[in-house]
**Q** 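If you scroll down you'll find the structure; I have some questions about it.
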Amino acid sequence: MANYMQINRRIHYFIVPSLIGLLTFYVIPFIQIIYQVFTRFATKKFIGFDNLVMVVKNKSFQLAIKNTALFMVLAIPLLIISALMFARLLNQFHDKWGHLKVIYMIPLVIPAVSLGFFWQILFSKYGMLNMITSLSIDWLNSSASLVVLVFIFIWKNLGYMTILFLAGIQNIPYVYIEAAQVDGADDKLIFSSIILPNLRKTCFVVVLFSLLNSFKIYRDIYAIFGDYPNRSVYMLQHVFNNWFRDFGIDKLSVGSLLYVISIIIIIYPINYLFNREGLV
C-alpha cells in the first residue's frame with residue numbers, strides 16, 4: 001500500500017509542468033481579459049460595462065455574429081447528417097472499402113492556402129464551375145459565397161466525422177441487430193431503435209468537433225475570399241483580426257469573453273442532451 005501511494009505521488013509530479021503551462025498561457029491571461037473588459041486599456045480606469053455596450057452596438061460585430069450563427073446552423077447539421085449517412089453506407093461495404101479510410105482524412109492535411117487556390121479556380125466568376133454549368137454567378141463575391149463556404153466546410157470535415165461515426169457503428173454489438181432482424185425489424189427500425197441510441201456518445205463527440213471546427217473556418221475564408229470578403233461571409237474572426245490590427249485591446253477583450261461564454265452556452269445543453277440517462 002505504501003509503495004502504491006508513493007508511486008501515485010510521483011505520478012502527480014508529472015502533472016505539474018502541464019498545470020504551470022495551463023496557468024501561464026490560459027488561466028492568468030483569461031483573468032486579465034476579464035479585468036480588461038471593465039477597464040480602459042490606456043488609463044486602467046474602471047468604466048463598468050462601457051466596453052461591452054460599445055462592442056454589442058458595433059455594426060461589424062453584429063454582422064459577424066449573424067453570419068457566424070447562420071453558417072453554423074446550416075453547416076453543422078448538414079455535416080452531421082452527411083457523415084452519418086456515409087458511415088452507414090461504408091459499414092455495409094466495409095470489406096471492400098475499409099482499407100481506404102486514410103483517403104477520408106486527406107482534406108484535413110492539405111494546407112488551407114493550397115486548397116484556397118483550387119477553390120478560387122473552381123468558384124471564380126470565370127472559373128471551372130461556371131464554364132461547366134454555363135452559369136455566370138460570382139460565387140466568391142455575392143450572397144452565394146455562404147453556400148460555397150458551407151460546401152467547403154462539409155468537404156473538409158466529412159471524412160473525419162464519417163470515421164468517427166463508422167467507429168461508433170462498428171462498436172455496437174452485432175447481436176443486437178441480429179436479434180432485431182429475427183424479430184422482423186426492417187433497416188429503418190434498426191437504425192432508429194438500435195444504431196442511433198447506441199451512437200449517443202459518438203454523436204456528442206461529432207457535434208463538439210463540428211462546433212469547434214466551425215469557429216476555425218477563418219483560414220479557409222481568408223485563403224479563398226481574401227482580407228475583405230463579401231458581407232455574407234464576414235465572420236467573427238474577421239472582426240477580431242481587424243480589431244487586432246487596429247490595436248483595439250478593449251474590443252478584443254470583450255469579444256474574447258463573449259466568445260468563451262457563447263461556446264459554454266452552446267456546449268452545456270448539448271452535453272446534457274447527449275449524456276443524460278434514458279435518452280432514446
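Atom set for the values below is all heavy atoms of this structure, side chains included, hydrogens, waters and symmetry mates excluded. Values in this document were obtained by computation on a predicted structure and should not be read as measured data.
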**Q** Tell me if a side-chain donor or acceptor on T24 pairs with a main-chain N or O of G21 at a distance below 3.5 Å.
**A**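 Checked: no pair found.
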**Q** Looking at F153 versus F71, is the centre-to-centre ring distance below 6.0 Å?
**A**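 That pair passes the under 6.0 Å test.
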**Q** Calculate, to the nearest 0.5 Å, the distance between atoms CE and CZ belonging to M54 and F61 respectively.
**A**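 If we round to the nearest 0.5 Å, M54:CE and F61:CZ are 11.0 Å apart.
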**Q** Supply the atom-to-atom distance K45 NZ to D50 CG, rounded to the nearest 0.5 angstrom.
**A** 9.5 Å
**Q** Side chains of I217 and D220: closer than 4.5 Å at any heavy-atom pair?
**A** yes
**Q** For a side chain to side chain contact (heavy atoms under 4.5 Å, CB included) check, start with the C-alpha distance between S253 and F41, then their side-chain angles and the critical distance, and finish with the verdict.
**A** CA-CA 10 Å; S253 300; F41 177 73; over 6 Å; no
**Q** For side chain to side chain contact (heavy atoms under 4.5 Å, CB included), just list the numbers for S210 and N157, CA-CA rounded to whole Å, side-chain angles, deciding distance to a tenth of an Å, and then say yes or no.
**A** CA-CA 8 Å; S210 301; N157 294 277; over 6 Å; no
**Q** Yes or no on side chain to side chain contact (heavy atoms under 4.5 Å, CB included) for Y174 and I177, after CA distance, side-chain angles and deciding distance?
**A** CA-CA 5 Å; Y174 192 70; I177 299 175; 4.1 Å; yes
**Q** Would you say the side-chain atoms of N242 and Y234 include a donor-acceptor pair closer than 3.5 Å?
**A**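 Yes.
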**Q** Is the distance between the ring centroids of F165 and F86 under 6.0 Å?
**A**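 No, the ring of F165 stays outside the 6.0 Å limit from the ring of F86, centre to centre.
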**Q** Look up atom CG in D138 and atom OG in S124, then write down how far apart they are to the nearest 0.5 Å.
**A**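 Here the rounded value is 8.5 Å.
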**Q** Only one of D187, I172, L84 passes side-chain contact (heavy atoms from CB on, under 4.5 Å) with I195; say which it is.
**A**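 Result: among D187, I172, L84, I172 is the only option passing the side-chain contact (heavy atoms from CB on, under 4.5 Å) with I195.
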**Q** Does the pair I224 and F123 meet the rule for a side chain to side chain contact (heavy atoms under 4.5 Å, CB included), with working shown?
**A** CA-CA 10 Å; I224 299 168; F123 289 112; over 6 Å; no
**Q** Got a sec, which residues hit side-chain hydrogen bond (donor to acceptor under 3.5 Å, both in side chains) with Q36, two or more places apart in sequence or on another chain?
**A**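 Once residues adjacent in sequence are excluded, the partners of Q36 under the side-chain hydrogen bond (donor to acceptor under 3.5 Å, both in side chains) criterion are D250.
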**Q** Whether the N91 and R88 side chains hold a donor-acceptor pair (N or O, under 3.5 Å, no angle test) is what I'd like checked.
**A**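 N91 vs R88: no donor-acceptor pair found between side chains.
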**Q** Taking S114 for its side chain and I110 for its backbone only, find out whether a donor-acceptor pair lies under 3.5 Å.
**A**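 No; zero donor-acceptor contacts below 3.5 Å.
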**Q** Are W119 and W139, when compared by the centres of their aromatic rings, separated by less than 6.0 Å?
**A**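 No; W139 has its ring centre 6.0 Å or more from that of W119.
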**Q** Checking the side chain of Q237 only, and the main-chain atoms of R219 only, is there a donor and an acceptor separated by less than 3.5 Å?
**A** no
**Q** Which pairs pass side-chain hydrogen bond (donor to acceptor under 3.5 Å, both in side chains) with one or both residues in residues 57-72, sequence neighbours excluded?
**A**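 Passing the test, one end in residues 57-72: no pairs.
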**Q** Can you hop from M85 to L189 via hydrophobic side chains spaced under 4.5 Å?
**A**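 Shared cluster, no.
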**Q** Is the backbone N or O of A167 less than 3.5 Å from a side-chain atom of N171, with the two atoms forming a donor-acceptor pair by type?
**A**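 Answer holds: no.
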**Q** Share the residues that join V27 in a hydrophobic cluster, the rule being Ile, Leu, Val, Met, Phe, Trp or Tyr side chains under 4.5 Å apart at the heavy-atom level.
**A**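 Answer for V27: L22, L23, F25, Y26, I31.
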